[in-house]
Amino acid sequence: MEQDKKDGKRIFGTYQEFITDYMRRDFSVALEETLNTELLNHLVRSDGQEDLIFATYSLSKGTNRIFGTLTEMIYPNEGDRKVHGNAEFYPSYLRRAISIASKKKEGLVFLHSHPFPGWQGMSPTDIIAEKRIAPSIYGATGFPLLGMTTGNDGAWSARFWVKNHKRKRRYTRKWCSSVRVVGHGLNISFNDDILKPNFDSEKQLRTISAWGRDTQEDLSRLKIGIVGLGSVGSIVAEILARTGISYFVLIDFDTIEKKNLDRTAGVFEKDVGKSKVDAIAKAIKKSATSPKITIKKSEYSICEEIGFRNALDCDLIFSCVDRPWPRQVLNFLSYAYLIPVIDGGIKIRTNSSNSKLIGADWRSHIIGPGRVCLECMGQYSSEMAKLESEGFLDDPEYIEGSSIKLPSEFHENVFPFSAHLAAMEVLHSLGMIISPSGISNLGEKIYHFVTGTIDTERMKCHNNCFFPSIISKGDTLDLVIVGTHKKAEIARKRH
């Protein structure tokens with residue numbers, strides 16, 4: 001038991017801090033698409049009866065969001081449960097499930113089905129069943145019971161049973177605001193009691209006419225992060241604000257300079273010297289069409305602990321960075337925490353004097369489970385990420401003595417090119433969310449400026465790629481991928 005409590009402390013700083021502070025936190029759940037399909041195949045029965053199953057989950061912490069990522073199904077053996085309209089399980093099944101979760105040092109999920117659609121509530125019988133097993137599950141694993149229910153349409157609801165330390169053996173049900181299924185598509189079930197739709201049908205009339213009111217309601221509840229608020233990131237923010245996104249997490253440690261004015265949307269000469277998060281937050285509020293806008297400003301690098309934890313509050317992240325270390329962190333995050341990342345980049349070729357354009361290409365892609373990762377795609381290398389994390393890529397003497405060319409030396413951030421890339425990235429995200437005509441995976445798109453053509457690639461990770469092995473592992477992974485970012489610290493001191 002003491003070891004289990006230590007595991008809880010490792011994830012939450014202190015377990016007691018998590019317990020006493022849980023009321024103000026956002027709770028959520030995520031699961032990978034193929035696992036979701038397996039669960040639904042088991043739970044949603046052709047005979048219309050309810051069924052049940054246990055699974056394990058990893059518990060992770062953002063700045064404000066606590067969320068579980070499902071890791072493994074624990075199928076019932078013969079005689080483990082009884083299906084008779086409703087479904088019930090026997091103690092042998094619970095003991096085996098607890099044993100598996102304890103060995104993995106993960107939490108336990110109890111999942112069951114209802115024969116009707118939508119976000120599911122709980123019957124008195126459901127409440128009694130989950131309350132009854134919550135103490136033994138917490139006592140054995142050190143983590144709260146996660147209960148989940150699916151409707152016959154595949155929609156999920158979820159809740160954590162958190163121990164009330166003021167009242168012995170009492171557990172409080174904490175409903176999740178959302179459950180997301182991540183893979184080729186991004187399907188999110190929202191809890192209407194916690195996350196209400198936030199849109200203005202008059203301001204967004206034309207937008208709603210493209211995909212309907214229900215889709216706009218879901219878009220308005222998405223929590224979207226933008227990492228890097230330069231030319232591409234600022235334009236992405238402008239597009240999303242006008243499209244009706246209501247909740248933003250902005251992550252950038254840098255400052256607006258004069259050299260940014262020809263390539264950054266929504267900023268002007270009076271903004272020079274301001275932090276990028278402040279300037280872009282102000283621009284979003286001016287452009288927003290939703291009635292209520294929430295913006296979390298994070299003046300940190302994604303490679304710093306605070307910036308990283310802020311990103312974990314998101315359902316979807318736009319990567320508008322060009323350095324290897326941030327891309328490595330975002331690559332890791334997309335697989336381990338099941339948060340899809342939309343990434344892109346621009347490359348311009350000129351003559352030796354930079355006086356004549358020879359060629360320009362840019363690409364947009366989504367990374368995460370079921371898709372190729374950034375490293376296998378060639379968008380960064382582990383060696384370069386390590387050099388940056390150790391400060392060498394910001395050391396002029398080291399760069400001068402090496403053959404390394406930094407992305408900033410290529411001068412790719414030309415506003416018209418960035419605007420096109422930003423639009424491609426947003427379209428990629430909409431395809432994943434809306435899945436028009438059932439198509440949610442568009443592949444990797446490459447636009448060639450000289451010929452005006454777009455190529456589509458469908459790459460796969462190498463056989464020995466590390467990232468598919470960490471899907472859904474979250475905070476249980478004992479890996480250090482963030483750290484001290486001296487350039488970010490210096491930038492913050494300047495303003």
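Here the structure is a predicted model, which is why all the values come from computation and not from measurement.
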Could you tell me whether a side-chain N or O of [X] sits under 3.5 Å from a main-chain N or O of [Y], the two making a donor and an acceptor?
| X | Y | value |
| --- | --- | --- |
| Ser437 | Ile439 | no |
| Glu33 | His184 | yes |
| Asn310 | Ile306 | yes |
| Ser234 | Leu229 | no |
| Gln328 | Ala385 | no |
| Ser319 | Asp343 | no |

ask   = So which of Asp315, Asp214, Asp192 actually passes salt bridge (charged side-chain N to carboxylate O under 4.0 Å, His left out) with Arg221?
value =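 The passing option is Asp192.
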ask   = Would the Tyr337 and Phe308 ring centres measure less than 6.0 Å apart?
value = yes
inquiry  = Tell me whether Arg25 forms a cation-pi arrangement with Phe160, defined as NZ or CZ under 6.0 Å from the six-membered ring centre and within 45 degrees of its axis.
reply    = no
query = Do other residues, nucleotides or ligands put more than 12 heavy atoms under 6.0 Å from the CZ atom of Phe466?
reply =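 More than 12 within 6.0 Å, yes.
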query = Just wondering, are more than 12 heavy atoms of other shown residues or ligands nearer than 6.0 Å to CZ in Arg206?
reply = no
Give every donor-acceptor pair under 3.5 Å between a side-chain atom in residues 419-430 and any protein atom, sequence neighbours left out.
residue	atom	partner	partner atom	Å
His420	ND1	Trp362	NE1	2.9
Glu425	OE2	Gly344	N	3.3
His428	ND1	Ser364	OG	2.8
His428	NE2	Gly443	O	2.8
Ser429	OG	Val426	O	2.6

What closest approach, in Å, do [X] and [Y] show between heavy atoms, and which atom pair accounts for it?
| X | Y | answer |
| --- | --- | --- |
| Ser472 | Thr69 | O-OG1, 2.7 Å |
| Ile481 | Val329 | O-CG2, 3.5 Å |
| Ile251 | Gly307 | CD1-O, 3.5 Å |

Does a salt bridge link [X] with [Y], judged by any charged N lying under 4.0 Å from a carboxylate O?
| X | Y | result |
| --- | --- | --- |
| Glu269 | Lys258 | yes |
| Glu489 | Lys493 | no |
| Asp322 | Lys347 | no |
| Arg65 | Asp313 | no |

query = In terms of the angle between their ring planes, are Phe253 and His485 parallel, tilted or perpendicular, with boundaries placed at 30° and 60°?
reply =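 Rings of Phe253 and His485: tilted, 30 to 60°.
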query = Is there any salt bridge (Lys or Arg N to Asp or Glu O under 4.0 Å) pair reaching into residues 349-358, and which pairs are they, with sequence neighbours excluded?
reply =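 Residue pairs passing salt bridge (Lys or Arg N to Asp or Glu O under 4.0 Å), neighbours aside: Arg349-Asp361.
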query = For the atom pair CZ (Arg180) and CG (Leu31), what is the distance rounded to the nearest 0.5 Å?
reply =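 Between Arg180 CZ and Leu31 CG, I get 9.5 Å after rounding to 0.5 Å.
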remark   = CZ of Arg458 to NE2 of His365, rounded to nearest 0.5 Å, is 14.5 Å
ask   = Are a donor atom and an acceptor atom from the side chains of Thr255 and Lys274 found within less than 3.5 Å of each other?
value = no
